[in-house]
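First the structure, in the form of structure tokens, and then the observations on it.
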Amino acid sequence: MDFNFTEEQGMVRDGLSRLVREQYDWETRRKAIASGAGWRPEVWAQLAELGILGMPFSEADGGFGGGAVDAMVIMEEFGKGLVIEPFVPTVVCAGGFLKHGGTAAQKEEHIGGIVSGERVFAFAYAEPKGRYDYADLETTAKKDGSAYVLNGHKAVVFGAPWASHLIVTARTGGERRDRSGVSVFVVAKDTAGITTRDYVTVDGRRASEVYFENVSIPAEALIGAEGEGLALIELVTDEAIAATCAEACGAMKVAHAMTVEYSRQRKQFGVPIGSFQVLQHRMVDMYTAYETAVSLTYLATLRLGSDEVERKKAVSAAKVGVGQAARLIGQEAVQIHGGNGVTDEYAIGHYFKRLTIFDSEFGNVDHHLKRHVALS
Amino acid sequence: MDFNFTEEQGMVRDGLSRLVREQYDWETRRKAIASGAGWRPEVWAQLAELGILGMPFSEADGGFGGGAVDAMVIMEEFGKGLVIEPFVPTVVCAGGFLKHGGTAAQKEEHIGGIVSGERVFAFAYAEPKGRYDYADLETTAKKDGSAYVLNGHKAVVFGAPWASHLIVTARTGGERRDRSGVSVFVVAKDTAGITTRDYVTVDGRRASEVYFENVSIPAEALIGAEGEGLALIELVTDEAIAATCAEACGAMKVAHAMTVEYSRQRKQFGVPIGSFQVLQHRMVDMYTAYETAVSLTYLATLRLGSDEVERKKAVSAAKVGVGQAARLIGQEAVQIHGGNGVTDEYAIGHYFKRLTIFDSEFGNVDHHLKRHVALS
Amino acid sequence: MNLEFTPEEQAFREEVRSFIAENYPKHLADFGMREDMSREDFLAWHKILGRKGWSVPAWPVEYGGTGWTPTQRYIWSEENARASTVMPLPFGVSMVGPVIYTFGNAEQKARHLPGIVSGEVWWCQGYSEPGAGSDLASLKTTAVRDGDHYVINGQKTWTTLAQHADWGFFLCRTDPTAKAQEGISFILVDMKSPGVEVKPIKLLDGGYEVNETWLTDVRVPVENLVGQENKGWTYAKFLLAHERSGIAGVARSKRGIEKLREIAANETLEGAPLIKDFDFAKKVSQLEIDLAALEITELRTLAGEQAGKGPGPESSILKIKGTEIQQRLTELTLEAVGTYSAPYMGGVSNDNSNEHPVGPDYAAHAAATYFNMRKTSIYGGSNEIQRNIITKMILGL
Amino acid sequence: MNLEFTPEEQAFREEVRSFIAENYPKHLADFGMREDMSREDFLAWHKILGRKGWSVPAWPVEYGGTGWTPTQRYIWSEENARASTVMPLPFGVSMVGPVIYTFGNAEQKARHLPGIVSGEVWWCQGYSEPGAGSDLASLKTTAVRDGDHYVINGQKTWTTLAQHADWGFFLCRTDPTAKAQEGISFILVDMKSPGVEVKPIKLLDGGYEVNETWLTDVRVPVENLVGQENKGWTYAKFLLAHERSGIAGVARSKRGIEKLREIAANETLEGAPLIKDFDFAKKVSQLEIDLAALEITELRTLAGEQAGKGPGPESSILKIKGTEIQQRLTELTLEAVGTYSAPYMGGVSNDNSNEHPVGPDYAAHAAATYFNMRKTSIYGGSNEIQRNIITKMILGL
């Protein structure tokens, strides 16, 4: 057992920490969110330059040979600055599908563009009626000669407005909610028949509803075996959950620190509110929840390579524990900030919003507690 | 709508309150529990004299025409003093079965003895494997000519060591857990074939395991229609739950008051611990939980005469809310008492123990939350 | 002790229900908690009730009250919640009105109460300041006597919907040498006075419902002082206790749970309606149980008031539990809508776009409402302050 | 960063497991949390380990420690928990021992450490007093110098298992004029000294595991003073931090959850095993998740210690979460046994009857254990005190 970071991981963290601190200040972030583009492609380019976008790919695939712990280090720093750029959809999700399921040709085609920052991906898996079940799909991909024809509607596809390509899940066989019959495809977003409705999300990112109407894609767009995609999706989303948990840990760390600092500055009844024992103990409980979240994120990250049951249990444990911590810390941070906590002006509210939406990504607390029970 | 007590109810409360205060002091209670008998028959006789044991029976049946609100007033006072005498099994349960399901002959036979204090009942319904399901019965009553033959084992029959008679539930037909086929009988405890193992309970009462081995009882022992007993059991246990909730409210009121008083007396760091804001707010939360429990007890009590669904929902709501309050108040009271809270010497621990066992009587929080969901 | 309604009370319920059905503006039907409305929308029902004589039920009859029993008022709230009506705002009806008829002079009553009753005059509340939140008494806004006028200078904040207000009631320091709660006066200010400036505060849900209000050399005639100079704290406390008693919001939360059940019946989990999922249904049942308890607690408090006790520290319990339930309701709604909690469709208040929502209609504001309702445990005396009050007044510590 | 064990560590686990299987006394197998044992029962495993050289793994090797890595110590704990062994009591091994080898003189080390290592000498702790619980520093027991002796007078309480003790370590006030934490000394007392009287305290579970200890003119040679006179508070704080670091009890709670699952597999609900009930299974899963988090938190802390940091305020987190989990475990066990939680079958400690239990064996002490474990959030520095420590040391408030 070893709980230390490597020297390299320490350097990545320090570099990213500096980038976020120096170039991701609050006002710039606010302007980027309000801008037409809604993000900062120049930051994306810098991440590519720093090697961040290529971190988790093998050197053979053109990356830097990092692993899940590196992704954790990166995401924690992103979380601290509430970075909105689409690292998870592009690098963790699309990258994960390519790494674990892609053919040599698919890797060749896409990974270089991800590493260089030229190709941005979104992961279109959620559907209006599917809730958190990856197999509950109404989107279909019908074989038509050597091609597939996609039809359906994907909901809240994070990062899609910025994406050049999409990873899409669709049913190629079986009944709705069957474990078999689910397939995964990689598709250029400008393929004929794809339309989107783009919008801002409550936590300052962008997402789209994506509509597929008789979208014809070649057989080479299939990732993994036809109808066998669910296990791959579960693996990649487990990796995405671990990464997102690390992001939430970063956000919680800052939210907690901001709250402690606010309690030191803000005076009521002639003394700093941080001198009230009730608020002290509540900030201790926030801190304890944060430490719990960090531990569970470590556990999930370190179990990503374990056997399926161990992996899923650890990941679900993390999503449950981090989700509970995120709720507690978000709500308490706002409460202790008082009126200022519910304004748009104070940063704390934005951490609260990010931590709120976190719960609905890749399955909420209830969903993962159920999965944990089913595996126990 | 009316939330006032009648003048008569006020008098009953004052009388009982005085009795508990003057004759049920802590040392006397402790000695009674440790004695061979384990209770105080002389208190029982006094309750009969005061008319308490006859309160809920109609005047035609030899009682005083009281109702559920009167039982609530009585039980709250019993709760304040942790009175161990078997009012619920005898008056609420056995009394309830006789009132709602008894024939004229059965009423004639038993109610007089209850009112006068001469007949003491216990309610034998729980079984080792039945948990909180009144229909999950292994005890059988087989028709044998005009008689029934009882066989089975009843678990944790509160008050049985003191009882002259038992109310027994048994299966006369149907499969285990069927709603139909459940019957209710009244039996003298000294009937041949009944044996008991008596013991003290952790909250200072007495109970028995009751074994029936080919116990022959006459057809007149059947209360209500054969095989149709479940609805009657549900009604009577709902009444018993409302009464027990009132008892818990009384116990919580005292436990809370004791804790506030202790926090005023006990000094640490040179000041009363009641001056620490953290303990203040926790005692406020205890108080709020107590008020919630009282309100739900009122609701359950006032809905005992409503239609079945309304009644069950209100009673389950009370068992859930009072159960949650009892746990919070019991645990916090001990915690705030510190080391003294876990000693046998301080009264608070005994309130805690009573409030703990409360949850397992007539179905715990989970059981009743499920029933509430099923009815919603 | 009983929960039954008398035949008279049942008849009253019918009367109220018919009146609402026949008179409530159709375009404001089932408006829920949204507040993206014009001034006229806010006042429409108030004005109708004013003409009917039902706009200020709790007031003494001589000032426009209805003389209803607490049970009738309870029925009135229930029926309005059932129809999700846009009720008269509290600033006039529940806050300054009772202060004026209790502590004001005859002239003030004659001048100000009719406008509140009719819904013609919109009031706002100038209590909080940037440095004085929970510690209200540390306020710094000053009112200096200058002949027949007070000259007011200072900054107020969290002035809800002040953008529409005609009049405001302000706490100002009139004796700078007095300590904390002494030396404060309760002054009525015409919001059109020169020197009054209202700046909206953007809230984290994206909407604008509160403001910063700047007062710079605002001249106010001395006859706008309510009660005695330097005794304003007494009136402020009176008002806060009144404010809290309505804050439980039982009838609205009941309607909210009905809506939550409708949403959860429409959402799916593993191919079945979400409301059939035991895990979710259990949370709804727990919320219903908590709300049932709160309802009885409020009715017990009302019974106490009817028996002559004023709104006491028990109202702090109603505030704590009421806001906890309101917040939990929005939290469960957010959970129910799942994936579609993320799209931003405008705030709860007046910032929303007119676009058709992404996802189901009920999802459009679920997140914004959840964010917005965090305020309820902060305003009206934060829930921490309420616990301090209970500590002192009920526990006696 | 990884969670894997090296082949050497796996071999170590095998060695430990075999040693326990071959040497642990059969009659004490799977003893769990019960403490109704004789002095010999308590010491049996300790003495075996003493002979093996494994009784004080965390100590420096020169005093008898094993020199194991933190990972080996972790494996050691896990294997002992797996076998539910009766581990050496903490009073000697984790409390006074480290104080003596860190602050004691050569003579004290030579005299006292071997008896702790071998398990021959039983120690007890004289810290708390009736008026000094969480506020330990307000203790009143005095030690007055008289020639070559201290004369000790006072009353200690909560002296755990002092009925068996040979020696005790006591905090006494040696300078009555000094303030609070100054003027306290750390003194070793032979419990057979004249004037020492131990009276059992009956606990609410019915058992006796703690005592009141009265000291009346007890004469103690001055060489029993550890470290400097009036500096005892430093040693006491050192000891408390050590005490907390073991208090998480992760391995024991893991075994406890296994037992809970066994109980819930045997209990029935609606005709099926209770553990198949989603509602109950969910609570067990939540507890497992909390415990998994605590385990990693403890391992992270150990890694920090390995990197040279002593047990710091992080140990307060371990204490809070560890005891919350232990208490929750007993609460769920109580819930699982249902109806049979009510019969009283004797306390957790030495008061139980020899009767065959009413109901299943596992139900016999469920309530008593639940009652007994309420102590864990009170002793060793109450969880409120731990929160105060974190406030100061980690939050910096």
Side-chain angles (χ1 to χ4, degrees), chain A residues 1-6 9 67-69 72-73 256-257 259-261 263-264 272 274-277 279-289 291-299 301-303 305-306 313-314 316-318 320-322 324-325 365-366 368-376, chain D residues 1-6 9 69-72 74-75 257 261 275-304 306-307 313-314 316-321 324 383-384 386-397:
Chain A
M1 287 192 298
D2 171 15
F3 284 89
N4 298 303
F5 294 96
T6 64
Q9 287 161 348
V69 174
M72 181 175 85
V73 168
H256 180 258
T259 305
V260 171
E261 186 52 30
S263 81
R264 217 193 298 276
S275 66
F276 294 118
Q277 197 190 28
L279 300 190
Q280 290 175 349
H281 282 207
R282 281 160 60 178
M283 287 187 281
V284 167
D285 290 344
M286 291 165 71
Y287 182 77
T288 310
E291 286 290 335
T292 294
V294 169
S295 289
L296 288 170
T297 300
Y298 280 23
L299 182 66
T301 303
L302 296 172
R303 287 271 182 251
S306 302
K313 273 185 80 171
S316 285
V320 168
V322 179
Q324 289 166 337
V365 167
D366 275 11
H368 282 282
L369 198 46
K370 265 186 192 147
R371 193 170 82 152
H372 195 278
V373 166
L375 295 165
S376 292
Chain D
M1 190 176 276
N2 69 72
L3 291 171
E4 314 311 320
F5 294 102
T6 64
E9 286 162 350
T69 63
T71 304
Q72 284 178 300
Y74 168 82
I75 290 168
I257 291 179
R261 284 195 179 279
I275 195 63
K276 295 290 173 201
D277 175 59
F278 174 67
D279 217 19
F280 193 81
K282 202 174 71 161
K283 296 186 200 182
V284 181
S285 268
Q286 178 75 58
L287 190 63
E288 274 184 338
I289 291 169
D290 293 341
L291 184 59
L294 179 65
E295 180 173 22
I296 303 291
T297 304
E298 187 174 38
L299 291 170
R300 287 165 57 210
T301 309
L302 283 179
Q306 201 168 9
E314 296 79 15
S316 292
I317 295 177
L318 302 179
K319 202 269 171 169
I320 293 171
K321 299 303 281 185
E324 283 175 357
N383 287 11
E384 289 79 16
Q386 305 302 336
R387 287 189 170 84
N388 288 348
I389 291 172
I390 298 171
T391 297
K392 196 170 160 190
M393 307 295 284
I394 299 182
L395 307 190
L397 291 174

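Among Thr288(A), Thr292(A), Leu302(A), the residue making the largest number of heavy-atom pairs under 4.5 Å with chain D is Leu302(A). Counting heavy-atom pairs closer than 4.5 Å to chain A, the top residue among Ile317(D), Leu395(D), Thr297(D) is Leu395(D). Counting heavy-atom pairs closer than 4.5 Å to chain A, the top residue among Asn2(D), Ile390(D), Leu294(D) is Asn2(D). For the options Thr6(D), Ile275(D), Leu299(D), Thr71(D), heavy-atom pairs under 4.5 Å to chain A are most numerous at Leu299(D).
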For side chain to side chain contact (heavy atoms under 4.5 Å, CB included), just list the numbers for Phe3(A) and Ile296(D), CA-CA rounded to whole Å, side-chain angles, deciding distance to a tenth of an Å, and then say yes or no.
CA-CA 9 Å; Phe3(A) 284 89; Ile296(D) 303 291; 3.8 Å; yes
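Interface residue Gln324(A): only side-chain heavy atoms are found under 4.5 Å from chain D. With a 4.5 angstrom heavy-atom cutoff, Ser263(A) touches chain D only via side-chain atoms.
Salt bridge present: Glu291(A) and Arg300(D) bring a charged side-chain N and a carboxylate O closer than 4.0 Å.
Taking the side chain as every heavy atom from C-beta outward, Ser376(A) and Val284(D) never approach each other to under 4.5 Å.
When all heavy atoms of Arg387(D) and Asp285(A) are compared, the pair lying nearest together is NE-OD1, 2.8 Å. When all heavy atoms are compared, the tightest approach of Lys282(D) to Val373(A) is CA-CG2, 3.7 Å.
Of the candidates His372(A), Lys370(A), Lys313(A), Ser285(D) forms a side chain to side chain donor-acceptor pair (under 3.5 Å) with just one, namely His372(A).
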